[in-house]
Q: 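My structure is below; once you've seen it, I'll send some questions.
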Amino acid sequence: MELRLVDLVKDFSGTKAIDTGSFSISDGKLTGLLGPSGCGKSTLLYLISGLLKPTSGRIFFGDRDVTELPPEKRGIGLVFQNYALYPHMTVAQNIAFPLVNRKENRELIQQKTQQMAKLVQVEELLSRKPGQLSGGQQQRVAIARALIKEPDILLLDEPLSNLDARLRLEMREEIRRIQLETGVTTIFVTHDQEEAMSITDEIVLMKKGIIQQQCAPIDMYLQPVNRFVASFMGNPPIDFFHFPIKDGRLILSESYALPIRTTASGTVLTGIRPEAWEPGSGIRVTIETLEQRGRDVLAGFTLTGAKGKALLSITDRVRTGDTVELSLKRKDLLYLFNEANETRIDAEVAYES
Ligand SMILES: Nc1ncnc2c1ncn2[C@@H]1O[C@H](COP(=O)(O)OP(=O)(O)OP(=O)(O)O)[C@@H](O)[C@H]1O
Ligand SMILES: [Mg+2]
């Protein structure tokens, strides 16, 4: 079901925790709600679920205005970080609970419980209590319990943050599989950009209650609208320098200038992603730090007084203290920003022949 938020505002004692304006969440898609701690992700989810009332604005599920409806009348499924399973009930009773509560008939309950247990793959665990389950298994049960009511919208608030790194990876794929299998419109809250990048159809990136950008994950990485988005997306993070533009060229150093088409002029705030660099005739830098990252190394250097990083291959064999030359292999990972308001300026770095 499509979700529409219109002029949404939520005040907490005079400060706007949410000021998102109007936007929609696509029907049948997995949308990631992403942003740093305290930016308002949970608050937005609570507004959508009805656990909180907006200070102003309306919320629509399809054509239905749900702004005044209590949570139980909205047709949502909610899963929180801490699962909140009932400890004294078995897995089967936990999953069945919403239907028992609704006084559905016994046969239907049993059939749907089986179906949900199969979907989230806990069929073998139905008679256990939550205390006898791993974190990942508990999270599966919590998702089954949220889905058994066949909600129009599934809301997941940092559902993986209690899991260890390995299980997080596994469970995020599981959430994607379950979402694709059921086709349920899902909002997945996370502060982990990589998690959002890896499983969502679309990302809504927030900062201080305001939406910065909403688009497909890859577009957010490749086409950030401002400095904040460019910094938040990508790991290792983007670096910023100040380079002059002269005669249609961006001057990275005395020996390295790139032809550029842009309206910007003078000295410009420039972002370059570490994966854009490769060894080759370009800027001359001294490697100050080296960080091993699997098959890559992250080499730190200083350029025009600012710290930069280059993600190089282990086979490039650079060492700390080496002086090396780096050129840009990915010119689409260089961005110019307006110094004052930090929005991105249109620029096209031409490839040198
Ligand atoms: N009940 C409340 N009363 C007052 N302020 C609140 C209340 N709930 C949240 N806030 C404030 O609103 C802002 C957004 O909080 P919220 O919990 O939505 O952030 P979040 O993005 O979910 O953060 P996290 O990633 O840490 O969970 C924060 O500044 C928070 O302190
Ligand atoms: Mg939160």
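Worth knowing before you read on, the calculation uses all heavy atoms, side chains too, and leaves out hydrogens, waters and symmetry mates. Whatever order the structure lists them in is the order used to number ligands and atoms, beginning at 1.
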Q: What's the shortest distance from atom 25 (O) of ligand 1 to any protein heavy atom, and which residue and atom give it?
A: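 Going atom by atom, the protein heavy atom closest to atom 25 (O) of ligand 1 ends up being K41 NZ, 2.8 Å.
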Q: What protein heavy atom lies closest to atom 12 (O) of ligand 1? Include the residue and the distance to one decimal.
A: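 Atom 12 (O) of ligand 1 sits closest to the protein heavy atom A17 CB, 3.5 Å.
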Q: Note the single closest protein heavy atom to atom 26 (O) of ligand 1, along with its residue, its atom name and the distance in Å.
A: S37 OG, 2.5 Å
Q: If you apply the rule side-chain hydrogen bond (donor to acceptor under 3.5 Å, both in side chains), what do you find for R172 with S198, and how did you get there?
A: CA-CA 8 Å; R172 79 183 189 203; S198 65; 3.0 Å; yes
Q: Please examine the side chains of V189 and L156, heavy atoms only from C-beta on, and report whether any two atoms are closer than 4.5 Å.
A: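 Side chain of L156 against side chain of V189, heavy atoms only: no contact under 4.5 Å found.
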Q: Could you tell me whether the side chains of N338 and T343 share a donor-acceptor contact shorter than 3.5 Å?
A: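 T343 and N338 do not have a side-chain donor-acceptor pair below 3.5 Å.
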Q: Identify the protein heavy atom lying closest to atom 6 (C) of ligand 1, giving its residue, its atom name and the separation to 0.1 Å.
A: F12 CD1, 3.2 Å
Q: For residues Q213 and Q223, report the shortest heavy-atom separation together with the two atoms involved.
A: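 Smallest heavy-atom distance, with atoms named: NE2-O, 3.0 Å.
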Q: Can Q193 and N235 be counted as having a side-chain donor-acceptor contact under 3.5 angstrom?
A: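 There is no such pair between these side chains.
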Q: Determine, using heavy atoms of G38 and all atoms of ligand 1, whether some pair is separated by less than 4.0 Å.
A: yes
Q: Do any N/O atoms on C39 end up under 3.5 angstrom from N/O atoms on ligand 1?
A: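 Between C39 and ligand 1, an N or O pair is found under 3.5 Å apart.
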Q: Just to be sure I'm reading this right: ignoring hydrogens, which of S42, S13, G14 gets closest to atom 27 (O) of ligand 1? Compare them by their nearest heavy atoms.
A: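 Looking at heavy atoms only, the winner is S42.
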Q: Within ligand 1, which atoms have a heavy atom of G40 less than 4.0 Å away?
A: 14 (C), 16 (P), 18 (O), 19 (O), 20 (P), 21 (O)
Q: Starting from atom 16 (P) of ligand 1, locate the nearest protein heavy atom and write down its residue, its atom name and how far away it is, to 0.1 Å.
A: T43 OG1, 3.5 Å
Q: Between V268 and F337, what is the shortest heavy-atom contact and its length?
A: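 Between these two residues, the closest heavy atoms are CG1-O, 4.0 Å.
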Q: Taking distance alone, with no angle check, do H191 and ligand 1 share an N/O pair under 3.5 Å?
A: no
Q: Ion pair present between E291 and R293, side-chain N to carboxylate O less than 4.0 angstrom?
A: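 Yes.
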Q: Do any of the N/O/S atoms of S42, backbone or side chain, fall under 2.8 Å from the Mg ion (ligand 2)?
A: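 Yes - counting backbone and side chain alike, S42 has an N, O or S atom under 2.8 Å.
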Q: Would M206 count as a contact of ligand 1 if the rule is a heavy atom under 4.0 Å away?
A: no
Q: Could you check whether the rings of F241 and F301 sit parallel, tilted or perpendicular, using 30° and 60° as the cut-offs?
A: parallel
Q: Would you call E174-R177 a salt bridge at under 4.0 Å N-O?
A: yes
Q: Enumerate the atoms of ligand 1 whose separation from the nearest heavy atom of E158 is less than 4.0 angstrom.
A: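 By the 4.0 Å cutoff, the relevant atoms are 25 (O).
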Q: Less than 4.0 Å between atom 31 (O) of ligand 1 and some protein heavy atom, yes or no?
A: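 No, there is none.
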